[in-house]
Amino acid sequence: MPIPSLRRVFVGLDAGYGFAWEKEPPLEGEAKGGMRVNPEIGVKFELGEGKTFMTFGLGYLFQQFQD
């Protein structure tokens, strides 16, 4: 099996709006949705000839809710 070679670096961004999904309302008020941001960076390794590859990525998810 050949040694994996680094082929590409990738970046991604997932952004949107998140909301609370509960069967019962919380005891103190009602939770509303809020901003959601998830940046990511990673590398893609080729594992041989053809279309076989492996990715490794790191990201951070931030989600803010409002009362």
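Heads up: numbering here begins at 1 and tracks the sequence.
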Side chains of V9 and K44 in contact at under 4.5 Å (non-hydrogen atoms): no
Counterpart residues, side-chain hydrogen bond (donor to acceptor under 3.5 Å, both in side chains), relative to N38 (two or more places apart): none
From E46 atom CD to T52 atom OG1, the distance as rounded to the nearest 0.5 Å: 8.5 Å
Members sharing Y60's hydrophobic cluster (side chains within less than 4.5 Å): L13, M35, V37, F62
Connected via hydrophobic side-chain network under 4.5 Å: F53 and F45: no
Spatial distance of atom CD (E40) from atom OG1 (T55) [nearest 0.5 Å]: 8.0 Å
Cluster companions of F10 among Ile, Leu, Val, Met, Phe, Trp, Tyr (side-chain spacing under 4.5 Å): none
